[in-house]
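Working notes, structure below.
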Amino acid sequence: MQYAKILGTGSYLPANRVSNDDLAKKIDTSDEWITSRTGIKFRHIADENEQTSDLAVIAARNALENAGMAADEIDLIIVATSTPDMIFPSTATIVQQKLGIGATGCPAFDVQAVCAGFMYAITTANAYIKSGMAKNVLVIGAETFSRILNWEDRTTCVLFGDGAGAVVLGASDEPGIIHSKLQADGDYIDLLKTPGQVVNGQVCGTPFLTMDGPGVFKFAVKMLAKVAEDVLKESGYTSAQIDWIVPHQANKRIIESTAKHLHLSMDKVILTVENHGNTSAASIPLALDSGIRNGQIQRGQHLLLEGIGGGFAWGAVLLKY
Ligand code: ACO
């Protein structure tokens, strides 16, 4: 039996770090409001010359180095993003070109599941590896959400940031990904969306993110708890066997609620939302890389990854690191 095992991780945050106090100088908000509602203290904003693929490539190189692998050993690239460099081609093919491995001909494509993007991408990579269609997969979550925010809308702009995280998954005889579950319910499209589109050269609708904050909160808490529980039950595990939850980093209160539901204390949760805000598809691999590099997560431990976002789409992955 072939498993998909994490061989290396990497991440990248743009240099420009913006604090809550910095935002309070420009809009009617405060460090106290943002921190108490979300746990966020800082977000990083990409330079105007930095594209999503640039962030992705730095995270990918870090992950390859961590895995001790050359870029040309990768035989599939999946990028989870809702803020691609362009309408097409995919950000994954741009990453392939920037890594200098276009000539390998390895397949490369994007998945778009907003904040659940990394759950969808890693689950797809797992299916490729288990079926023998790929051996070494580069799975990246990368976003420049700062470009789709209305910086005058205090109800949304304080929540998000830019960044990238990457994982090298390799085929292994030893357990890696044990079980995963993806779900979506398109009846909830209106809770969170960026409804603009380009038609005949004109931007139609709004190019900015819109959100029903309290509606998202309620739905996220309910569905994350349920999918985490389902993944444990379906794989014959209990929450007591989980060493770390690595959740989507949107909001500390959502994360606390999921941990409570699983009867796990917050010291079993990798929490990085304070440092980078909600980086959508990048947030789970950013948290994962942080937990691994600072020594919290050790080889052989069991991790539960979980994320939810626009669509609505959500999922959870149980793995042995
Ligand atoms: N600074 C100061 N005041 C603000 C701000 C701000 N940045 N934003 C809103 N307010 C005000 C509102 O205008 C409102 O004022 P009013 O009562 O005078 O009208 C007041 O604060 C309370 O607003 P609520 O929306 O009721 O605040 P709530 O406690 O629900 O918190 C929040 C809002 C933080 C958005 C919360 O609903 C939330 O966390 N929702 C989840 C959103 C999320 O995580 N989205 C990420 C994308 S989806 C995902 O990743 C899971």
Side-chain angles (χ1 to χ4, degrees), residues 18-43 80-83 112-120 141 143-146 148-163 165 182-186 188-195 208-228 245-259 261 269 271-274 276-287 305-316:
V18 177
S19 70
N20 293 341
D21 287 334
D22 293 333
L23 288 182
K25 286 177 197 146
K26 294 180 180 162
I27 52 170
D28 182 14
T29 190
S30 65
D31 176 49
E32 194 281 319
W33 193 95
I34 301 171
T35 306
S36 63
R37 299 288 204 295
T38 70
I40 298 166
K41 287 278 187 192
F42 300 97
R43 70 283 300 139
T81 188
S82 302
T83 46
Q112 210 270 45
V114 205
C115 301
F118 193 76
M119 291 295 86
Y120 273 66
E143 303 279 13
T144 47
F145 255 57
S146 62
I148 57 166
L149 298 174
N150 175 355
W151 286 98
E152 287 170 10
D153 175 9
R154 67 178 183 167
T155 67
T156 54
C157 75
V158 302
L159 303 175
F160 297 90
D162 302 337
L182 298 178
Q183 295 196 284
D185 186 343
Y188 291 86
I189 285 171
D190 289 334
L191 281 185
L192 175 63
K193 58 184 177 180
T194 300
F208 296 127
L209 180 148
T210 62
M211 181 181 73
D212 164 3
V216 167
F217 193 95
K218 271 186 234 137
F219 193 78
V221 162
K222 191 165 127 199
M223 291 313 177
L224 281 176
K226 173 85 170 73
V227 76
I245 305 180
V246 187
H248 170 46
Q249 309 284 321
N251 183 309
K252 193 175 171 202
R253 290 189 301 149
I254 295 177
I255 294 171
E256 283 168 346
S257 161
T258 315
H261 193 89
V269 178
L271 194 66
T272 57
V273 68
E274 173 177 343
H276 52 67
N278 184 349
T279 57
S280 189
S283 93
I284 294 172
L286 267 165
L305 281 48
E306 33 127 43
I308 187 162
F312 256 70
W314 63 98

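First listed ligand is number 1; within each ligand, the first listed atom is number 1. For the single chain, residues carry numbers from 1 onward in sequence order. Everything numeric here is computed off the predicted structure, so don't read it as measured data.
- In this structure, R43 does not pair ionically with D162, as no charged nitrogen and carboxylate oxygen lie closer than 4.0 Å.
- Under a 4.0 Å criterion applied to the non-hydrogen atoms of I308, ligand 1 contributes the atoms 49 (C), 50 (O), 51 (C).
- Using a 4.5 Å heavy-atom cutoff, the side chains of S30 and N20 are not in contact.
- For W314 and Y188, the distance between ring centers is not under 6.0 angstrom.
- Remark: ligand 1 atoms within the under-4.0 Å shell around heavy atoms of C115 are 50 (O).
- Contacts of N251 with ligand 1, taken as heavy-atom pairs under 4.0 Å, involve the side chain alone.
- Residue-level proximity to ligand 1 for I27 is absent, since no heavy atom of it falls below 4.0 angstrom.
- Looking at R37 next to ligand 1, an N or O pair under 3.5 Å apart turns up.
- Among F217, F219, W33, the residue whose heavy atom lies closest to atom 32 (C) of ligand 1 is W33.
- Note that atom 13 (O) of ligand 1 has protein non-hydrogen atoms nearby, at separations under 4.0 angstrom.
- Atoms of ligand 1 found under 4.0 Å from any heavy atom of V158 (numbered from 1 in listed order, with element): 7 (N).
- Contact annotation for L192 and ligand 1: only side-chain heavy atoms (C-beta onward) come within less than 4.0 Å of the ligand.
- In terms of protein heavy-atom proximity, atom 50 (O) of ligand 1 is closest to H248 NE2, 2.8 Å.
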I'd like to know whether F145 forms a ring-ring contact (aromatic ring centres under 6.0 Å, His included) with F160, so could you lay out the CA-CA distance, the side-chain angles of the two residues, the decisive distance to 0.1 Å, and finally the verdict. CA-CA 7 Å; F145 255 57; F160 297 90; 5.4 Å; yes
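- In this structure, the protein non-hydrogen atom closest to atom 25 (O) of ligand 1 is P214 CG, 4.0 Å.
- Nearest protein heavy-atom neighbour of atom 36 (C) of ligand 1: R253 NH2, 4.0 Å.
- Of all atoms in ligand 1, numbered sequentially from 1 with element shown, those under 4.0 Å from a heavy atom of G213 are 37 (O), 40 (N), 41 (C).
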